[in-house]
2 protein chains.
Amino acid sequence: MSKEPISGTKQRRRSDQVTLSQVAEAAGVSPITASRALNHPDKVSDRARHSVHTAVERLGYVPNLIAGSLASSRSRLVAVIVPSLVNTVFVEVIQGLQETLEAQGYQILLGNTDYDLDREYQLVRTFLGWSCSALVTAGLRHNQACHTLLANWDHPIMEVMELGKAMDLNVGLDHVAAGRCMASHLIEKGYRHIVYVGARLSQDYRAGMRFEGHKSVLKAKGLAVPLVELNTLGSLQAGAEGLAQVLAHYPQTQAIHFANDDLAVGALLAAQRQGLRVPEDIAIAGFNGLPLGQHVTPQLTTILSPREEIGRLAASILIQRLSGKAVEHRQHDVGFTLQAGGST
Amino acid sequence: MSKEPISGTKQRRRSDQVTLSQVAEAAGVSPITASRALNHPDKVSDRARHSVHTAVERLGYVPNLIAGSLASSRSRLVAVIVPSLVNTVFVEVIQGLQETLEAQGYQILLGNTDYDLDREYQLVRTFLGWSCSALVTAGLRHNQACHTLLANWDHPIMEVMELGKAMDLNVGLDHVAAGRCMASHLIEKGYRHIVYVGARLSQDYRAGMRFEGHKSVLKAKGLAVPLVELNTLGSLQAGAEGLAQVLAHYPQTQAIHFANDDLAVGALLAAQRQGLRVPEDIAIAGFNGLPLGQHVTPQLTTILSPREEIGRLAASILIQRLSGKAVEHRQHDVGFTLQAGGST
DNA sequence: TTGAAAGCGCTAACAA
DNA sequence: TTGTTAGCGCTTTCAA
């Protein structure tokens, strides 16, 4: 009963990894019983389960997940596609996803588009090739090819961050409303000369949506709506640069509504270095509610977005769907909270 | 020549995904030629390559990477295991890895241990099951089971962050030397009452190594070596807390050497809220060289660690190894740079 | 509860 | 340059 390759037989095994058949043989059962002992322990006798587990321990068996996935066409892999890792916001969403998914035995395949929808399409193609159980992507905007590919895919698709017309599942918040909220706050505070400063709004289009909300409020009040758009991604450095541009082009400005907290804090710290008082000389507001903004003096007025909650909620909805349960609400609004600090 | 299931034949295909055989048939070639046209375009005639690509387009074929990996026992997956995503340092390493690996067609399988070596072991098991082409893990410390598993694995293993006795490949910096460097700087500046403040040093043991370097320098000068260890992970909030503890327990303190920039900036901002002058009343130093530290006033004295470079260098060494080339140096010291700011 | 047979979709080995 | 054959390691289907 030798398992040695019979001469004349093709032999391709390269790795000397222990296989399930070897475990089964050692345990004195058939391969399929060994498989069941590991994956469906309740469908197997105590005796079989025990001898299989003993053999697994003794041989140091590590299941070949690729073979298992091919046979079952289920992979326990979840694709996660984000536009950036530099922006901590997406990292926190990933954190929330990972916590929940890893606990359920799913692994994350991570992709980074660098805000490029064509790269997103390539990543989606690759990930579909891995028979991912589900796909999470940041945002509702995709190129045509990507949309077509996903529309024909029969696994859960979760689009996170903003709310809108989603392909399948959707968890996020209303960025237009967030922009309106902050603009209203600034007006209530008595500011009339308000500039919006964003960075690459066509890429970070959610910041563009917040600007739309901001604009609608200012227009309704009959105010001008100056916009400064920086050509770098958001960072403290860019915020300092944004402040400089505002002071140069709109010297009468009373308040700056920044697209995010990185920019806002960068500007706040720069203002202080230049001896400007915040908010007396210039008021500053951000978006995201990063811890950093709560530690500077004055505290940054911002809008708290529940990033980790987006991740956790998205993950648990996916788990629900993947375990066959119906999902009542395909769309979840996680909301946002205005945090008024001393900076306005 | 129908491809319909012959009655009496077992039929398992569930998904109606286009397969390579269908592409081959449409292109009028054999499956293996279609495979070669896609994976080794130079080993196939122009005519064949062209007709296969046309068929791929027309049918919307997406290669099944799982099947390919099983057959070839190569997966183009690289496992990356980090202790935390909250700490931006690891995210920057991932960023560097991803840039380089994605460009070469590798995907990242991401695992997060939450500073738990048993979780690391579980993740390693899972990732080996995915036949990863290589594994990157943060740190040289693993539990026994993990060590054994990896020692018997015949793929590249890259341990990043600190330098030392690695299993295979190693890219990082000397944290003991970094600790010595900062301690020496503080002494040169004339401080004699210096406290080291860290957070969970047994988990963040690299910060513990920096403390060892710090300690050796202070001891050599005959100075006391007070240590404050916080029981939370590093954050701005924890830094404020650390400052409070130092002021309470060691009121004569002149300088605080924080284990990282998050703590240091948190303390610096807290000090300023309390009206303490930095560095006159209390000097503050950190580690990492986060952008944040360069934007506060005074600028934070810190040690710049090249995180993205660690990721990029690690990735290119792996790529080299994976493409069969020999790697001359299995260990790379990326070094560090003291950035003296106004905070000391 | 257990097992035999077949097949998941692709590629390595060998041959032409 | 192309094709035939077999097999990667596992799980499904079906039958006992």
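Proteins get letters first, then strands, A, B, ... in listed order; numbering begins at 1 in each.
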Q. Which of these passes side-chain hydrogen bond (donor to acceptor under 3.5 Å, both in side chains) with A:Glu159: A:Arg141, A:Gln331, A:Lys165, A:His142?
A.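 Answer to the side-chain hydrogen bond (donor to acceptor under 3.5 Å, both in side chains) test with A:Glu159 among A:Arg141, A:Gln331, A:Lys165, A:His142: A:His142.
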
Q. Name the one of A:Asp118, A:Thr148, A:Asp116 that satisfies side-chain hydrogen bond (donor to acceptor under 3.5 Å, both in side chains) with A:Asn143?
A.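 Single side-chain hydrogen bond (donor to acceptor under 3.5 Å, both in side chains) partner of A:Asn143 among A:Asp118, A:Thr148, A:Asp116: A:Asp118.
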
Q. Looking just at side-chain N and O atoms, do A:Ser30 and A:Thr33 make a donor-acceptor pair shorter than 3.5 Å?
A.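 Checked: A:Ser30/A:Thr33 side chains pair up, N/O donor to acceptor below 3.5 Å.
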
Q) Going by distance alone, is a donor N or O of one side chain under 3.5 Å from an acceptor N or O of the other, for B:Tyr61 and B:Gln22? A)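 No - no donor-acceptor pair under 3.5 Å links their side chains.
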
Q. Of the nucleotides C:dG9, C:dA12, C:dC8, which has the atom closest to the A:Ala71 side chain?
A.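 Output: C:dC8.
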
Rounded interatomic separation in angstrom, taking [atom1] from [X] and [atom2] from [N]:
X: A:Trp130; N: C:dG9; atom1: CH2; atom2: C1'; answer: 13 Å
X: B:Arg76; N: C:dC10; atom1: CZ; atom2: P; answer: 17 Å
X: B:Leu70; N: D:dC8; atom1: CG; atom2: C1'; answer: 4 Å

Q: Look at B:Ser30 and D:dG3 and indicate whether a side-chain polar atom (N or O) is within less than 4.0 Å of OP1 or OP2.
A: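 Yes, such a contact exists.
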
Grab the two heavy atoms, one from [X] and one from [Y], that are nearest each other, plus how far apart they are.
X: B:Leu65; Y: A:Thr126; value: CD2-O, 3.3 Å
X: A:Ala34; Y: A:Val52; value: CA-CG2, 3.9 Å
X: B:Ser316; Y: B:Thr100; value: N-CG2, 4.1 Å

Q) Where along residues 55-67 of chain A does a heavy atom come under 4.0 Å from DNA chain D, residue by residue in number order? A)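 Residues of residues 55-67 of chain A under 4.0 Å from DNA chain D: A:Tyr61, A:Asn64, A:Ala67.
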
Q.
For DNA chain D, which residues of residues 31-43 of chain A approach it to below 4.0 angstrom with any heavy atom?
A.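 Output list: A:Ile32, A:Ser35, A:Asn39.
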
Q.
For DNA chain C, which residues of residues 44-53 of chain B approach it to below 4.0 angstrom with any heavy atom?
A.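 Residues of residues 44-53 of chain B under 4.0 Å from DNA chain C: none.
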
Tell me whether [X] contacts the main-chain N or O of [Y] through its side chain, where contact means a donor paired with an acceptor under 3.5 Å.
X: A:Arg49; Y: A:Pro41; value: yes
X: B:Ser35; Y: B:Pro31; value: no
X: A:Gln98; Y: B:Leu110; value: yes

Q) What's the spacing between B:Ser75 OG and B:Gln107 CD if we round to 0.5 Å? A)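 Going from the OG atom of B:Ser75 to the CD atom of B:Gln107 covers 10.5 Å.
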
